[in-house]
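Remember, it's a predicted structure, so these values are computed and weren't measured experimentally. In what follows, chains are A, B, ... by sequence order, proteins preceding strands, each numbered from 1.
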Amino acid sequence: MNLLAVERIKLFSTRSPWWCALITLALAIGFAAIIAGATPADSPLTMPATLYGGTKFGVAVIMVLAALAVTTEYRFNTIRTTFQAVPHRSPALIAKAVLVALVALVIGEIAAFGALGLGMLMRPNDGLGLHTTQDWLNVAGLGPVFAICAVLAVALGILVRHSAGAIALLLIYNLAVEDLVQLIPKIGAHIHQWLPFNVANKFLSGSPGAVDGPPSSDSPLSPGWALAYFAGVAIVFLLVALGVAKKRDA
Amino acid sequence: MIEATALTKRYGETTAVNELTFTARSGRVTGFLGPNGAGKSTTMRLILGLDTPDAGTVHIDGVAYRQLKDPLRTVGAMLDATWRHPGRGGRDHLRWLAATNGIPDKRVDEVLALVGLTSVGKTRVLQYSLGMQQRLGIAAAMLGDPRVLLFDEPVNGLDPEGMAWIRQLLNSLAAEGRTVFVSSHLLPEMAQTAQDLVVIGRGRLIYQGTMDDFVARTSEHGVRVRTPHADELRAALTGQAEFTEADGAFLVSGLDSDRIGRLAFDAGATLHELSPITGTLEQAYLDLTREAVEFPAAAMQSAVPSSEVAK
């Protein structure tokens, strides 16, 4: 618990996490407002469309926040001071992953429910709301996805150590690579089914059915297993990062 | 007490620390001296478990650093005053560090007061002067009230007042029975602070012992004597001591100034000068490390003749 408190003090005593959190919320809720305003009056505002800002762009900013939480420590050498205080290293790094994940979870929930609330307020007659289990998954699911993304970003930050490198990798991968993989002839589509962000999208969007908004995932997993798979990928990455950090000279 | 045994660390082809064995005792300030690039900072990182040695061990009061529970309570260190997030306040920097080892916030305020930074605790570190950063680093080292303290070049870039403050602090810490291990490439600074010395060059141990022995061992002692009665003095000294004559003065070795004065008096020789020559610390240090400077000035000079060849 000490180490969680340590990471809490670290995270909230600098400015960039606050900015990242605000930007995430602004993107998620702002996009909801834009889409709600832009949807023609005769076609209803859908849930995936309302949450698009959070699922597509909010995730990216959350990962920047999480990666920075590690890479600034390497940048300013506070990671050395941390390892000096916690010579076994892994407990400190796990505490960081957990704390950042918790923060991402909270931001994700505020972003999702904020976006939904604003959508309902702007389009009261579109039947938007938490009517089905799928509605709940769509909205409340954003927090866990944010949390797992944060763990992935922390792991990558530990491995790469440079802010610019880690952020570039995360953003390029998240925004482009998974889509481009589909272009590989024959096997591309099969690989794409198992790529982590695509699978995470399966958890969020559920089985196909939505007309508007982002295309739903082609992952064969059920939403529950999709979340477990995504979490598993993040944990494997984190374990690799811990192993590397423990052996590496600080 | 810090004990290093056959400590070795390689980075690729370069051997930064080479079979280094030394001891830093409690209740003493031990100066850790060597030219730039001699391996001082690497050794410090090895002591703190930040780098893993390729061979050898280093123990703090008999225990490897990584085996220490709440290590900040045993070892405090300032390896680099710039190791902190510039956007974080000084007090917050100490708070997170204290929390890692379960040290209460009350102690944070104590060490801030100790180094005189209480009034700027909330100020972001990027606004600190170099001296203030150094003080914050020392506050961080003191957090756990440790028995062993490591400082890497603590006076670098400080004004004379700051240097005096650190010198005083190091001595009072040692007087309380703590082990104080301070690196420097500046010998005069060490001479005023350290009682013991560990000197390294190119990662190897050159000297370990007390500061006084260091000076004695590495400098030529002698007594310079001038007299208008050279013949009388020469006769009196012959057989008693070795001496040379130059510029109308005797340089006597093997006798102290008291005995020489007595001999001269008995021989009826008036003395105009009778002065013991002690080697300066700087000279002793330069003599010792001349062989071990990583980038000797001579190497740069050797590049010069090539242009003369071209003439």
- Item | Value rounded to 0.5 Å, distance of CH2 in A/Trp225 from NZ in A/Lys202 | 14.5 Å
- Task: Working to the nearest 0.5 Å, report the span between CD1 of A/Ile62 and CG of A/Leu142.
- Result: 9.0 Å
- Is it the side chain or the backbone of B/Ala77 that comes within 4.5 Å of chain A heavy atoms, both, or neither? both
- Set of ring pair (Phe, Tyr, Trp, His ring centres under 6.0 Å) partners for A/Phe31, sequence neighbours left out: A/Phe57
- A/Leu171 side, atom CG; A/Ile167 side, atom CD1 - distance, nearest 0.5 Å: 7.0 Å
Mind listing the donor-acceptor pairs under 3.5 Å that bridge chain A and chain B?
unit_1, atom_1, unit_2, atom_2, d
A/Lys10, O, B/Arg88, NH2, 2.9
A/Ser13, OG, B/Arg88, NE, 2.7
A/Phe76, O, B/Arg84, N, 3.3
A/Gln84, O, B/Tyr65, OH, 2.6
A/Ala85, O, B/Asn101, ND2, 3.1
A/His88, NE2, B/Arg66, O, 3.3
A/Arg89, NH2, B/Gly49, O, 3.3
A/Arg89, NH2, B/Leu50, O, 2.8
A/Asp249, OD1, B/Thr52, N, 3.0
A/Asp249, OD2, B/Lys9, NZ, 2.7
A/Ala250, N, B/Leu50, O, 3.0

- Message: Can a donor-acceptor pair be found, under 3.5 Å and without considering hydrogens, that links the side chain of A/Tyr52 to the backbone of A/Ile35?
- Response: no
- Message: Working to the nearest 0.5 angstrom, can you tell me the gap between B/Ile138 CD1 and B/Leu143 CG?
- Response: 12.5 Å
- Message: For the CD1 atom of A/Ile9 and the CG atom of A/Leu99, what is their distance to the nearest 0.5 Å?
- Response: 10.0 Å
- Query: Which bit of B/Leu50 is near chain A, if near means a heavy-atom gap under 4.5 Å: side chain, backbone, both or neither?
  - Reply: both
